[in-house]
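In what follows, chains are A, B, ... by sequence order, proteins preceding strands, each numbered from 1.
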Amino acid sequence: MPELPEVETTARSLRPRLVGVGVLGISGIDWPRMLPNTSEADLQSTLCGKHVVSVDRRGKYLLLEFDDDTCLAVHRKMSGNLLLQERTTPLALHTHLVIDLDSGCQLRFVDARKFGRVYLFHSREERDDFLAQRLGPDSLIELHAALLASKLRGRKGRLKSLLLDQAFVAGVGNLYADEALWEAQLHPLRPADSLSAEEIERLADAIRNVLTLGIERRGTSFSTYLDSDGLPGENQDYLNAYGREGQPCPRCGTPIRRITVAQRSSHFCPQCQPAIA
DNA sequence: CCACGATCCTGCTAGC
DNA sequence: TGCTAGCAGGATCGTG
């Protein structure tokens, strides 16, 4: 499941190979629902002849900006992958969008579960409104202890639920939330406004740390994530809590426990992450 | 503001 | 062996 580090890894690898490149055509749409605000014909008429001027990331959205301020936003949700491949490479199963480029390559959106979405915005303003409505401060570049403290103040929800809320902080998903809570030694069910200043600082540091390490390891390929060259990341070899139910906590040896929080599995060490501070 | 449940999808796995 | 039922999971929406 692509979260911030996976999207950032993809953006970094696509950037040098897409900036300056022109669009020749759009094809392969076999699932109109993945285009909530556009269509194959709309994409075709809007993007043909346009050149990519930037490849960016906001939260878990990958953004391709073109030379007339048109913007394509891709959210990969659970299983979506963006592959940059030679035109001659056979299409992978579950390919739902193909963008033909004048570099001889194709940018292909492949998504087995069809949860992924591609949006087209006709101006920077339209795009920014869309994102502002959904995304809080970016958990990698904007989140600091003071900001986290002010956002947590008065919030009665569970800590884990809030971390998954993209309007609270953008970019953290289930896997990195569990890893950050493990590192900060905080129980996922802690009431959000019960954290001490020191705990908030630990959490802010942990979030930045797990995301940064995730990027350095080119993402976590827990199930389906692949980078734009179709290669897995390495961070799955370094997980401390996520997916490790019953296995020893790397810090204290206590078996990792799994509970359900906000309808999502939550992995934590019952020894290092006590429910009561 | 918060919690909970349903929804969307399909590959995988556990269980029979 | 082969089948099926159930699970996972990000975001959104409706209800309480």
Contact class for A:Gln263 vs. all strands (heavy atom < 4.0 Å): base, sugar-phosphate, or nothing?
-> base

According to a strict under-4.0 Å criterion, is A:His75 in side-chain N/O contact with OP1 or OP2 of C:dA11?
-> yes

Nearest to the side chain of A:Met78 - B:dC8, C:dG9, B:dC2?
-> C:dG9

Could you pick out which residue, A:Leu93 or A:Arg264, lies toward the 5' side of DNA chain B when each is mapped onto its nearest nucleotide?
-> A:Arg264

Contact class for A:Arg258 (heavy atom, under 4.0 Å): base, sugar-phosphate, or nothing?
-> sugar-phosphate

When the distance from NZ of A:Lys77 to P of B:dC9 is rounded to whole Å, what number comes out?
-> 11 Å

Which of the following nucleotides, B:dC2, B:dC9, B:dG11, is nearest to the side chain of A:Phe115?
-> B:dC9

Spacing of A:Met34 atom CE relative to B:dT10 atom C1', expressed in whole Å | 16 Å

Quick one: is A:Lys60 getting a side-chain N or O under 4.0 Å of the C:dA11 phosphate, OP1 or OP2?
-> yes

Looking at every strand, decide which applies to A:Arg117 at a 4.0 Å heavy-atom threshold: base, sugar-phosphate, or nothing.
-> nothing

How many Å lie between CD on A:Gln166 and P on C:dT12, as a whole number?
-> 9 Å

Side-chain (A:Gln166) to main-chain (A:Gly59) donor-acceptor, under 3.5 angstrom | no

Counting only side-chain N and O atoms of A:Arg134, is one of them less than 4.0 Å from OP1 or OP2 of C:dG10?
-> no

Considering every strand shown, what is the Watson-Crick or G-U wobble mate of C:dC13 when both distances are under 3.5 Å?
-> B:dG5

Could you work out which one of C:dT12, B:dC2, B:dC9 sits closest to the side chain of A:Lys114?
-> B:dC9

Value for SG (A:Cys252) from CD (A:Gln271), rounded to nearest 0.5 Å, stands at 5.0 Å

Atom CZ of A:Arg158 and atom P of B:dC4 are separated, to the nearest Å, by 7 Å

So what does A:Arg76 touch, heavy atoms closer than 4.0 Å: a base, only the sugar-phosphate, or nothing?
-> nothing

Short side-chain N/O contact from A:His94 to OP1 or OP2 of B:dG11, under 4.0 Å | yes

Mind checking A:Ser265 for me? I need base, sugar-phosphate or nothing, with any heavy atom below 4.0 Å counting as a touch.
-> sugar-phosphate

Could you tell me whether A:Arg124 sits above the aromatic face of A:Phe121, with NZ or CZ closer than 6.0 angstrom to the six-membered ring centre and within 45 degrees of the axis?
-> no

Name of the residue among A:Cys249, A:Pro255, A:Cys269, A:Pro250 meeting side chain to side chain contact (heavy atoms under 4.5 Å, CB included) with A:Arg244 = A:Pro250

